[in-house]
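This report refers to the structure that appears directly beneath it.
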Amino acid sequence: MNVTLDESLDNLNKKLYLESPDLWIELSDKINDKVFDERILFFAIKYDMFSIIKHVIDNNLVDLDNKSKNKYYNTIKDQLIDSAKQYNCTDALNYFNNDGEVQQNNNIEIKVENNPKIEDKITTYMPKFSCPKCDANIFENGYKIYNNMVYKFSPNQNKLVEMSKSESDFIVCCSCESTLDDVSPNKLKSLCEVQTCGSCGVDLTEIGIVDKSKMKYDTNENKFTPHSTSYHCGNCDSIINKHQMAHFNLS
């Protein structure tokens, strides 16, 4: 079944909303305005929205040879190809491998995913910390913490005895087994509190929240008028998520 670009963008909006309302707030304007970048393409791959990928490549809207913002890849194309393999996005993978010529494959394995309605979304608070390698939320997919343990042999007991045990800062993403840098177990624990900023970890009740109004030009009235309002951390300016907005009674 052929899916139009607008249908794919609408589906992408819904998928992002279900995955993370704050991520949806961050990217929805770009999607609606058809402003494509590396992150939009990544999520198009993740949710198998091939018409978006094809539209961007066919119209040269993004230079895939540019350096990727993901430090694990040299170029945007490298990341998208790896992501297409990871998420089994076969149409996109064939497109990259054949320089834009879509190959038909009657033996492609089809992945069927449940598509819950927006009103069925989880309403409890979910903290977010994205793995820089696979972009999975480690609070949903899990992460590993290793302990530093010191053993000595005890002649009196004729066996190894545990002398000390401490939690290390070595954290591994359960989805892709990559090591997470620049984050500690304590910071991850602090992110589980609804009043904590998900990006910089400060207490929003202490640092404050900034509201920003986006203006759009009204050609009929010949002036800018308020279009939407977003709420940001007073320290790092990242958008707070929907559950935090509800917690602080922000409309």
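Note that the structure is a prediction, hence the values are computed from the model and not measured. Just so it is clear, the values below take in all heavy atoms, side chains as well, and ignore hydrogens, waters and symmetry mates.
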_Reported CD1-to-CD1 distance for the pair I171 and I145, which is rounded to 0.5 angstrom_ = 5.0 Å

_Rounded distance [0.5 Å steps], OG in S51 versus CG in L9_ = 7.0 Å

*Nearest 0.5 Å please: distance from the OG1 atom of T90 over to the CG atom of D48.*
6.5 Å

_Looking at K85, I want to see if its NZ is surrounded by more than 12 non-hydrogen atoms of other residues, nucleotides or ligands under 6.0 Å._
no

_When you compare the side chain of S178 with that of C134, does any pair of heavy atoms fall below 4.5 Å?_
no

*asked:* Side chains of L12 and L27, heavy atoms from C-beta outward: is any pair under 4.5 Å?
replied: no

*asked:* For the backbone of I76 and the side chain of Q79, can you confirm whether one donor and one acceptor N or O come within less than 3.5 Å of each other?
replied: no

*asked:* One pair to check against side chain to side chain donor-acceptor pair (under 3.5 Å): K128 and S130. What are the steps and the verdict?
replied: CA-CA 6 Å; K128 181 176 177 64; S130 297; 3.2 Å; yes

*To the nearest 0.5 Å, tell me how far I53 CD1 sits from S8 OG.*
10.0 Å

*Are S164 and M149 close enough, and set up right, to give a side-chain contact (heavy atoms from CB on, under 4.5 Å), and what steps lead you there?*
CA-CA 6 Å; S164 65; M149 305 175 70; over 6 Å; no

_Ring centres under 6.0 angstrom apart (F129, Y143)_ = no

*Could you go through the side-chain contact (heavy atoms from CB on, under 4.5 Å) check for V202 and C233 one step at a time?*
CA-CA 9 Å; V202 301; C233 168; 3.8 Å; yes

_The test is side-chain contact (heavy atoms from CB on, under 4.5 Å); show your working for C131 and S175 and say whether it passes._
CA-CA 9 Å; C131 170; S175 296; over 6 Å; no

*Can you tell me how far the CG atom of D169 sits from the OG atom of S184, to the nearest 0.5 Å?*
6.0 Å

May I have the list of side-chain donor-acceptor pairs in residues 34-44 shorter than 3.5 Å, sequence neighbours left out?
from, atom 1, to, atom 2, distance (Å)
K34, NZ, D6, OD1, 3.0
D37, OD1, R39, N, 3.2
D37, OD1, I40, N, 3.0
D37, OD2, K30, NZ, 2.5
E38, OE1, K69, N, 3.0
E38, OE2, S68, OG, 2.5
R39, NH1, E26, OE2, 2.6

*In the hydrophobic clustering that connects Ile, Leu, Val, Met, Phe, Trp and Tyr at side-chain heavy-atom distances below 4.5 Å, which members other than V150 occupy its cluster, ordered by chain and number?*
V161, M163

*Under a 4.5 Å cut-off applied to non-hydrogen side-chain atoms, are H232 and I240 in contact?*
no

*Hey, does L64 have a side-chain heavy atom less than 4.5 Å from the side chain of I57?*
yes

*asked:* Listing request: all ring pair (Phe, Tyr, Trp, His ring centres under 6.0 Å) pairs with a residue in residues 183-228, at least two apart in sequence or in separate chains.
replied: Y217-F224

*Hey, mind stepping through V172 and L180 against side-chain contact (heavy atoms from CB on, under 4.5 Å) and telling me if it holds?*
CA-CA 6 Å; V172 175; L180 304 180; over 6 Å; no

_I239 backbone acceptor or donor facing Q244 side chain under 3.5 Å_ = no

*asked:* Going by salt bridge (Lys or Arg N to Asp or Glu O under 4.0 Å), name the pairs with one or both residues in residues 131-147, residues two or more places apart or in two chains.
replied: D82-K133, K144-E177

*First locate atom CG of D33, then atom OG of S28, and finally report the distance between them rounded to the nearest 0.5 Å.*
9.0 Å

*Check the pair Y231 / N241 against side chain to side chain donor-acceptor pair (under 3.5 Å), numbers first and verdict last.*
CA-CA 9 Å; Y231 299 91; N241 65 44; over 6 Å; no

*asked:* Checking side-chain polar atoms at under 3.5 Å, does Q86 have a donor or acceptor matched by the opposite partner on S83?
replied: no

Side-chain donor-acceptor contacts of residues 203-213 below 3.5 Å, not counting sequence neighbours, with atom names and distances?
from, atom 1, to, atom 2, distance (Å)
D203, OD1, T205, N, 2.9
D203, OD1, T205, OG1, 2.5
D203, OD2, T205, OG1, 3.3
K212, NZ, D237, OD1, 2.7
K212, NZ, D237, OD2, 2.8

_Suppose the criterion is ring pair (Phe, Tyr, Trp, His ring centres under 6.0 Å): which pairs have a residue in residues 170-210, not counting sequence neighbours?_
Y146-F170

